Amino acid sequence: MAAAAAPGALGAWQAGRARLVAACCAPLGPRWTLPGSLMGQRLGSAIWAPGWAPAAGGLPLRRGYSSEVKTDDELRVRYLEEENRGIVVLGINRAHAKNSFSKNLVKMLSKAVDALKSDKKVRTVIVRSEVPGIFCAANLPVPTIAALDGLALGGGLELALACDIRVAASSAKMGLVETKLAIIPGGGGTQRLPRAIGMSLAKELIFSARVLDGQEAKAVGLVSHVLEQNQEGDAAYRKALDLAREFLPQGPVAMRVAKLAINQGMETIPTKDRLEGLLAFKEKRSPRYKGE
C-alpha cells in the first residue's frame, strides 16, 4: 500500500471533524487489478476484476465481484463479494495532493464511517490508497487494518495508528515527523504511539522525527507483520486481505464485543473519583471520593 498523509493535513484533524476509518493503501500496478478495482470490467452495478497473479510463494488470489458506492471522487467505497463478502474497501484518491486530508475528504470519510457503523453485514474494513506510491492511512466497531506498502509520514501514520492492526512491507517508511516543522502530531499520534510501543520509545521517535522502515517498525512493535515487497508493490495489502478473510468466519457479534472490551480496557478509568484521587495525591491530603 502506499500513502502519505502529509503533516499539512493536521488542520483537519485538529479541528476535530474527522472520525477516520482504518486503512490500507496499496498502489495499483500495471499488470493486475484488485477484486472490485475500477480497472476491472463493469458488469451492471458490480465491477469484475480479472484476478490477481499470485505473489512468489504465495496463494493465488481469486476473482470476485464487488459493488461500488460512489461518495465522491476523493473516496470510493467498495463492498467485496463472493468469498470476500463482508470486507469493505475504502479507496482514497487524491493524487494531486498525495492523499493529504482535505475538508471534503474528511467529510466523506466521516460519512462513510457513520454508514459502516450501522451496517451489520460489514465484518472488516480496509482503507487503501488508489494513488500509486502514497499512503494516507478507527472509529468503527469492526476490525480495521492498515497496510503500509509505501510512505506513511505524519498524518498518514496517525491514520494507521487509529487502525486495530498494521502490516507493512519491509521497504515502507513511517514516522511522526511533525517536530521537523516545529509542530506536534495533531491526529492522535501523541496518544496512540505510546500505547502501541511504550511511552519512552514513542517520545524518542517523536522528539527525533525519526523515520522507520518496515523491519524497524516490526522490531519496536509498531506493526504486527512485515513482508518483503513483491514486484507489484502490494505485499502489505495482500497480507491485510488475508487477515480480513481469516476474520470472516468468526461470530460477528463476538468480534464487535471483543473489540469494544479490548478498547475500553485500555482506556484510563474516566471517573471523577480518579481525578480526585490524583489531585489529593498532588496536594498531599486524603481524597474525598463521591462514588462518581
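This is a predicted model, so every value here is computed, not measured. Excluded from the calculations below are hydrogen atoms, water molecules and symmetry mates; all remaining heavy atoms, backbone and side chain alike, are included.
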Residue list, side-chain contact (heavy atoms from CB on, under 4.5 Å) with Val211, at least two apart or on another chain: Leu153, Lys173, Val177
All side chain to side chain donor-acceptor pair (under 3.5 Å) counterparts of Glu228, not counting sequence neighbours: Ser170
Can you tell me how far apart [atom1] ([X]) and [atom2] ([Y]) are? Round to the nearest 0.5 Å.
| X | Y | atom1 | atom2 | result |
| --- | --- | --- | --- | --- |
| Leu243 | Thr124 | CG | OG1 | 9.0 Å |
| Ile87 | Leu248 | CD1 | CG | 4.5 Å |
| Ile165 | Thr144 | CD1 | OG1 | 7.5 Å |

For [Y], is there any backbone N or O sitting under 3.5 Å from a side-chain donor or acceptor partner on [X]?
| X | Y | value |
| --- | --- | --- |
| Arg76 | Val89 | no |
| Lys259 | Leu140 | yes |
| Glu276 | Arg288 | yes |
| Asp213 | Ser171 | no |
| Asp273 | Gly277 | no |
| Arg256 | Pro141 | no |
| Glu158 | Gly189 | yes |

Which donor-acceptor pairs under 3.5 Å do side chains of residues 201-208 form with protein atoms, sequence neighbours excluded?
from	atom 1	to	atom 2	distance (Å)
Glu204	OE2	Arg210	NH1	2.9
Glu204	OE2	Arg210	NH2	3.0
Ser208	OG	Glu204	O	2.8
Ser208	OG	Leu205	O	3.4
Ser208	OG	Arg210	N	3.3

Nearest heavy atoms of Gly154 and Leu176, plus distance in Å: O-CD2, 3.6 Å
Arg245 with Asp242: basic N within carboxylate O range, under 4.0 Å: yes
ILVMFWY network linking Leu227 to Tyr237, side-chain heavy atoms under 4.5 angstrom: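 No, because Leu227 and Tyr237 fall into different hydrophobic clusters, even though each may have its own neighbours under 4.5 Å.
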Same apolar cluster (I L V M F W Y, side chains within < 4.5 Å links), Leu148/Val220: yes
